[in-house]
Amino acid sequence: MADISIRSNSPSWRVLGSIGLLTLIVLGLIVDSFLHHQRDVQSCAMSYSRPSYIPITPGPNSRLANKYSLYFFRETVYDRPNESRSVPALFIPGHAGSYKQVRSIAATSSSYYKQKQLNGEKIDYFTVDLNEEFSAISGQLLFDQAEYLNDAIEKILSLYDSSKTSSVLIVGHSMGGIVARLMLTLPNYRPNTINTILTVATPHTIPPIVLGPKMARVYDQISFSSTVFNNNNNNITLISLAGGTSDSIVNSDSAILPVGKERLTAFSTAIPKVWTSCDHMAILWCNQLVRVVAAALVDSVQQQPHDLIKPIQIFERHFIHPSLNFPRLPVDKPKVKKATKMLFKNLDITSDTPQLTVLSIPKDRIGNTLVFDLITNDSQGSVRVFLCKGSKCTTDITSMIKLLPSSTSGDRHAAYHGKPPFRVLHLEQQYMKDYDHVGVWQYGKDNPQTFIAAKIEQEATTNIIVNKSNWDLVAHNGVSFNITAPQLYMTVQFPKISNPLLTYKLTLEWIKDSSDHQEEQGYVFAPIIQQNIGGESKYHVGLDEDNVSIDINFHASGDDYDTNFLQLQFWKIPGNVHGRAHLQIDWYGSLGKIVLRYGPSVVMFSFITALVVAANENMDFIYPLIGLVTLTSISSLVFGVPRGFTFWWLPSVFLCLGAGVLSLIWISVYSLACILRIFIPKRLTSYMTSMTVKRLILACSLASIRVIPVPVIITIIYIYWLFIVAAGSNNCTINHNNKIILMFFSSLLPYVIPEVVVYIRDLIIVGWKMPLLSLVSVLDDIPMLSIVLLLVTWTHDMLSSRQVKCVLYVAIIYYTLFGYTQPYPLHTLIQKYMGCIYGSDNI
């Protein structure tokens with residue numbers, strides 16, 4: 001068959017250019033939405049330290065000892081070099097992370113220990129220098145780091161008395177948290193040497209991007225359904241902290257842990273006295289969060305009486321429900337004042353006599369459930385709440401009080417900056433059914449600006465259910481609901497809104513009666529909204545302006561939570577102020593949410609497009625692509641595959657984006673080939689395409705797979721083929737068959753280039769010479785290398801055979817339907833086969 005040539009002015013070239021331009025426009029809109037819309041405001045204070053890093057010499061006994069190193073951290077203000085050691089902790093940095101990133105948490109831990117004047121155990125922090133490796137794009141680096149860190153733990157424990165210290169506490173940032181979990185699955189892990197793993201901004205369930213089978217194998221190995229991981233995970237406390245939407249590197253959806261008895265997930269926006277989102281790096285130095293994390297870590301290693309309190313309970317106490325300190329009640333008899341329904345006043349007590357205001361619990365209700373609500377800005381603990389039976393108020397329920405961020409007219413962000421938070425109590429009927437009154441106890445001279453608002457009311461008036469779906473919001477341009485005047489607290493539930501891919505705008509319009517004199521009465525707080533879904537909470541404060549608009553966005557809650565749908569809780573001044581709220585979808589803001597969730601799938605869909613081109617032997621892939629989009633849409637709508645996508649039409653959209661990205665790659669490669677043609681003699685074409693050269697490439701590739709990583713070999717072959725195409729072109733007219741093979745190779749670049757970067761960096765910058773690759777590492781890359789070598793060595797007739805086309809079409813259908821969740825089927829089969837023959841621990 002004669003070679004077919006396609007010139008640059010052919011219809012296919014114009015189509016590629018149009019697709020590429022449209023793709024650039026769409027990607028530009030997505031990136032703009034991602035960077036500038038529906039982003040929570042980060043309001044972190046800086047943490048400071050005076051660190052010292054002492055090398056541990058000799059280092060761990062590890063085959064990787066020449067590549068990595070271990071350090072002992074000392075805070076020069078609080079720690080003494082020769083101070084007796086207590087509980088060891090190991091910090092693991094993440095992708096391109098430095099061992100010095102431990103300084104904020106470690107220094108604050110020492111400060112907390114000294115300021116609290118604790119007499120128990122303190123924490124000794126160790127940190128590991130991983131050469132700021134790009135671990136998020138290389139699964140092999142994760143295996144290397146995990147192997148070394150297991151050896152590092154052996155070294156750390158050897159510095160302590162084995163009768164007193166037998167385990168290490170782990171703090172992992174980003175991919176460092178994945179390394180910590182991977183350590184548990186490796187053969188050199190010694191059981192029970194890790195007791196707690198606290199991870200920060202770690203993608204536990206989904207990798208940021210899967211560009212190789214090794215990364216897929218890492219996540220298979222640490223899966224919560226993995227037998228190996230679960231066998232070594234007994235009695236290990238696992239904590240995950242997420243930064244929210246400010247984290248533009250790791251999607252906080254992937255930081256949510258499955259619910260378990262020794263697992264806890266907390267968002268920085270929900271942690272009391274933090275209440276701010278954190279970007280990927282700030283989460284390590286954000287002072288509000290660091291102070292809470294340090295306190296939790298130090299408290300978790302203190303000796304507990306009779307081991308009645310588990311470490312997970314201590315972390316919950318700090319991250320979810322902090323315990324509040326209250327002074328002892330005075331012995332003086334209080335001055336009693338009765339109220340029918342509401343107490344709302346300044347707490348301006350001019351005498352030392354306590355006051356007890358009693359709110360009656362109505363008894364003549366018929367089927368109406370009651371609730372008691374209280375809010376105060378008292379920061380001294382001078383407001384206490386009791387349940388009363390008759391004339392005796394003996395049941396103290398003050399411990400049920402929770403904290404809310406301060407909200408006044410001048411507040412715009414909920415982040416804690418030292419301003420005393422509000423204290424609130426929402427008490428349900430089940431707690432009041434055996435009592436007659438609720439008593440609010442006030443005592444001590446206080447700030448005249450201190451206020452209390454309390455009320456008993458029917459739950460039906462404080463709980464609104466808006467049973468509207470996203471489709472209803474689309475059809476009616478949103479949904480409106482009333483914020484009624486008499487209520488102090490009300491909850492608005494949206495049972496059908498739980499999709500984290502969509503973002504919303506909530507607009508508030510307040511209507512104030514002219515007879516309302518709240519400023520004269522000293523009612524000094526502005527409305528607050530607490531946004532809840534699953535375990536994630538956010539707070540919106542200072543909402544007293546008319547027509548104020550706030551962003552509503554959230555992450556996946558999972559089916560393990562009871563409230564896996566959107567809830568909005570309002571705290572406002574009861575009286576003659578009521579409002580109207582309108583919730584609608586923010587389409588442009590939602591556009592950017594797909595970046596972290598589904599952006600990596602574009603690489604796979606580009607590969608599918610290249611398969612379509614190879615199967616049809618034609619660059620005009622528009623009609624086959626239309627058929628593939630139709631197949632994908634029907635399959636997703638009817639059968640729910642491809643899996644992992646929120647909407648049935650998303651796979652088709654990303655298939656089109658993948659085709660556009662491949663068009664852009666091809667335009668760039670085509671231009672490069674035209675430039676190279678100027679410098680390459682055309683007479684080299686026959687020599688470079690001879691079977692002798694191809695056999696030599698085949699032999700060298702197979703001989704070097706234990707020495708040079710396969711992605712590096714594939715990149716060298718790609719460059720070789722690019723030179724063949726450039727040398728064989730004539731006036732930028734490229735041989736049709738070579739062009740198709742080059743396009744297919746180009747679709748593999750996103751998979752191999754990251755590993756090449758890692759290899760060059762290790763070889764040149766770090767000076768690390770990689771030992772012989774293990775059998776399992778080679779097996780990971782054999783399928784891709786085999787396909788590349790076959791394309792290089794086979795003739796055109798062999799590539800056009802019916803059998804090859806059949807294989808290509810099967811691959812197209814498989815990757816379209818299952819490639820997003822199972823992108824490496826051949827690798828999985830080979831690993832399982834070799835595992836059955838040699839045993840999983842020997843390959």
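Along the sequence shown, residues carry numbers from 1. Just so it is clear, the values below take in all heavy atoms, side chains as well, and ignore hydrogens, waters and symmetry mates.
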What are the two closest non-hydrogen atoms of Q42 and D279, and how far apart are they? OE1-N, 2.5 Å
Checking I206 against D253 for the side-chain contact (heavy atoms from CB on, under 4.5 Å) test, could you report, in this order, the C-alpha distance in whole Å, the side-chain angles of both residues, the deciding distance, and whether it holds? CA-CA 9 Å; I206 303 174; D253 282 347; over 6 Å; no
Test item: side-chain donor near acceptor, N251 and Y598, under 3.5 Å: no
Side chains of N532 and S537: is there a donor and an acceptor less than 3.5 Å apart? yes
Would you check if there is a donor-acceptor pair between the side chains of T491 and Q567 at a distance under 3.5 Å? no
Report the relative orientation of the aromatic rings in F481 and F494; use parallel for angles under 30°, tilted for 30 to 60°, perpendicular for over 60°. perpendicular
What pairs meet the salt bridge (Lys or Arg N to Asp or Glu O under 4.0 Å) rule with one or both residues in residues 492-509, with sequence neighbours excluded? K505-D551
Between CD1 of I533 and CD of E536, what distance do you get to the nearest 0.5 Å? 7.5 Å
If you measure from the Lys or Arg side-chain nitrogens to the Asp or Glu carboxylate oxygens, is any gap between R384 and D396 under 4.0 Å? yes
Under the side chain to side chain donor-acceptor pair (under 3.5 Å) test, which residues partner T205, sequence neighbours left out? none
Please give me the minimum heavy-atom distance between T237 and I239, naming the atom from each residue. CG2-CD1, 3.7 Å
Atom pair CG/CZ of D544 and F525 - distance to nearest 0.5 Å: 11.0 Å
Of all heavy-atom pairs between I483 and A581, which one has the smallest distance, and what is that distance? CD1-CB, 4.1 Å
Assess the residue pair N553 and K538 against the criterion (side-chain contact (heavy atoms from CB on, under 4.5 Å)); give the C-alpha distance rounded to whole Å, side-chain angles, the decisive distance to 0.1 Å, and a yes or no. CA-CA 9 Å; N553 52 70; K538 295 181 184 179; 2.3 Å; yes
Answer yes if the side chains of D586 and H37 hold a donor-acceptor pair under 3.5 Å, and no otherwise. no
Would you say C286 and C278 have SG atoms less than 2.5 angstrom apart? no
For the backbone of G542 and the side chain of D411, can you confirm whether one donor and one acceptor N or O come within less than 3.5 Å of each other? no
Might you point out which heavy atoms bring P495 and V466 nearest each other, and give the distance in Å? CD-O, 3.5 Å
Please name the pair of heavy atoms, one in V541 and one in P405, separated by the smallest distance, quoted to 0.1 Å. CG1-CG, 4.0 Å
For E428, check side chain to side chain donor-acceptor pair (under 3.5 Å) against everything at least two apart and list the hits. Q430
What pairs with K335 under salt bridge (Lys or Arg N to Asp or Glu O under 4.0 Å), at least two apart in sequence or on another chain? none
Kindly say whether T369 contributes a backbone atom to a donor-acceptor pair with the side chain of Q429 at under 3.5 angstrom? no
If you apply the rule side-chain contact (heavy atoms from CB on, under 4.5 Å), what do you find for L502 with L473, and how did you get there? CA-CA 12 Å; L502 295 178; L473 268 63; over 6 Å; no
For T276 and H413, test the side chains for any donor-to-acceptor distance below 3.5 angstrom and give the result as yes or no. no
Partner residues of H540 under the side chain to side chain donor-acceptor pair (under 3.5 Å) criterion, sequence neighbours left out: Q531
Donor on one side chain, acceptor on other, S498 and N564, under 3.5 Å: no
Would you call I497 and L583 a side-chain contact if the rule is heavy atoms closer than 4.5 Å? yes
Using modelled atom types and a 3.5 Å cut-off, is there a donor and acceptor pairing between side-chain atoms of T503 and backbone atoms of S590? yes
For P272 and F319, the nearest pair of non-hydrogen atoms, with its separation, is CD-O, 3.6 Å
For F554 and F565: C-alpha separation, side-chain torsions, deciding distance, then whether ring-ring contact (aromatic ring centres under 6.0 Å, His included) applies. CA-CA 10 Å; F554 47 84; F565 53 84; over 10 Å; no
Verify the neighbour count for atom CZ of R291: are there more than 12 heavy atoms of other residues, nucleotides or ligands below 6.0 Å? no
Parallel under 30°, tilted from 30 to 60°, perpendicular over 60°: which one fits the rings of H204 and F224? tilted
Please verify the inter-ring angle class for W571 with Y489; under 30° counts as parallel, over 60° as perpendicular, anything in between as tilted. tilted
Rounded at 0.5 Å granularity, tell me how far NZ in K310 sits from CG in N235. 8.0 Å
Holding to side chain to side chain donor-acceptor pair (under 3.5 Å), I want the full list of residues that pass it with H426, two or more places apart in sequence or in another chain. D373
Short question: side chain of K389, backbone of D434 - any donor-acceptor pair under 3.5 Å? yes
Backbone of I256 reached by a side-chain donor or acceptor of S240 within 3.5 Å: no
For the OG atom of S407 and the CZ atom of R412, what is their distance to the nearest 0.5 Å? 9.0 Å
More than 12 heavy atoms of other residues, nucleotides or ligands under 6.0 Å from NZ of K419: is that the case? yes
Hey, are S252 and D247 close enough side-chain-wise for a donor-acceptor pair under 3.5 Å? no
State whether the side chain of S406 and the backbone N or O of F422 hold a donor-acceptor pair below 3.5 Å, judged by distance alone. no
Does the Q288 side chain pair with the main chain of A415, one donor and one acceptor, at a distance under 3.5 Å? no
